[in-house]
Amino acid sequence: MAKSSWREWLHFMLPGDALLFLSLLLLWGLVTSLCWSQEQATRVKIFQDGQLFAELDLAAARTLAIAGPLGNTVVEIAAGRARIASDPSPRQYCVRAGWLTQAGQSAICLPNRTSIQLSGNRPPAYDSLNY
C-alpha cells in the first residue's frame, strides 16, 4: 500500500474549499482571542483559613509573611504581579504556579490554608472556584 502525501489531497480541493478553510481558521482565531482574554489584574486578595487576610494594590512592591498551621507562607508582590514565593507545604503546588498577572488567577496552598486571588477593575463574570 502506497503512502499518500498532502499533495495528492490538493487534487480533491476546490478553490472554494481553500477559501472556506481559511475563513474558518480566521474565525477560530477571533473567537478564541475574544473568549479567552482576561483583563489585567490591579489588586491581590490574600486569604488565610478562609478569611480575607489582606487586599493589596499590585502597583506597590512588597513581601508578606502569613502565618499558617504549618508555618509561614511568603507572598511576593512586584510590578503588577503576585506569587507565593515560599510555603511549608510538602508538594509546593502553589509555589509552582509562579507569577500571576491576570484577573481571576489564583494560587492555593491547601495544607497551610493560604491562598491568593487576583482581581481587576470589574467584578468577574463567574467565580471559577465555585463553578
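All values derive from a computational prediction rather than experimental measurement. Residues: numbered from 1 along the sequence shown.
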Test of understanding: with salt bridge (Lys or Arg N to Asp or Glu O under 4.0 Å), list the residues that count as partners of R83, not counting sequence neighbours. E76
What residues form a salt bridge (Lys or Arg N to Asp or Glu O under 4.0 Å) with R62, not counting sequence neighbours? none
In the hydrophobic clustering (ILVMFWY, side-chain contacts below 4.5 Å, transitive), which residues join L26, or is it alone? none
Just by modelled atom types, is the N112 backbone N or O under 3.5 Å from a matching donor or acceptor in the T114 side chain? yes
May I have the list of side-chain donor-acceptor pairs in residues 16-25 shorter than 3.5 Å, sequence neighbours left out?
unit_1	atom_1	unit_2	atom_2	d
D17	OD2	L14	N	3.0
S23	OG	L19	O	2.6
S23	OG	L20	O	3.3

All side chain to side chain donor-acceptor pair (under 3.5 Å) counterparts of S89, not counting sequence neighbours: D87
Between CD on residue Q102 and CD on residue Q40, distance to nearest 0.5 Å: 5.0 Å
Starting from L27 and following side-chain heavy-atom contacts under 4.5 Å between hydrophobic residues (I, L, V, M, F, W, Y), which residues can be reached? V31
Identify the heavy atoms of A97 and A107 that sit nearest to each other, and give their distance. CB-CB, 4.1 Å
Any pair with a residue in residues 50-60 that passes side-chain hydrogen bond (donor to acceptor under 3.5 Å, both in side chains), sequence neighbours left out, goes on the list, sorted by first then second residue, please. R43-E55
Heavy-atom closest contact (R113 atom, P69 atom, distance): NH1-CG, 3.9 Å
Side-chain heavy atoms of T73 within contact of S86, under 4.5 Å: no
Residue pairs fulfilling disulfide bond (SG atoms under 2.5 Å apart) with at least one residue in residues 71-105, sequence neighbours excluded: C94-C109
Inter- and intrachain pairs under salt bridge (charged side-chain N to carboxylate O under 4.0 Å, His left out), touching residues 96-105, at least two apart: none
Using the test side chain to side chain donor-acceptor pair (under 3.5 Å), find all partners of Q105 that sit at least two apart in sequence or belong to another chain. none
Co-members of the apolar cluster containing I116 [side chain, <4.5 Å]: V44, I46, F53, L56, L58, L64, I66, V75, I77, I84, V95, L100, L118
Which residues end up grouped with F47 if you chain together Ile, Leu, Val, Met, Phe, Trp and Tyr wherever their side-chain heavy atoms are less than 4.5 Å apart? L52
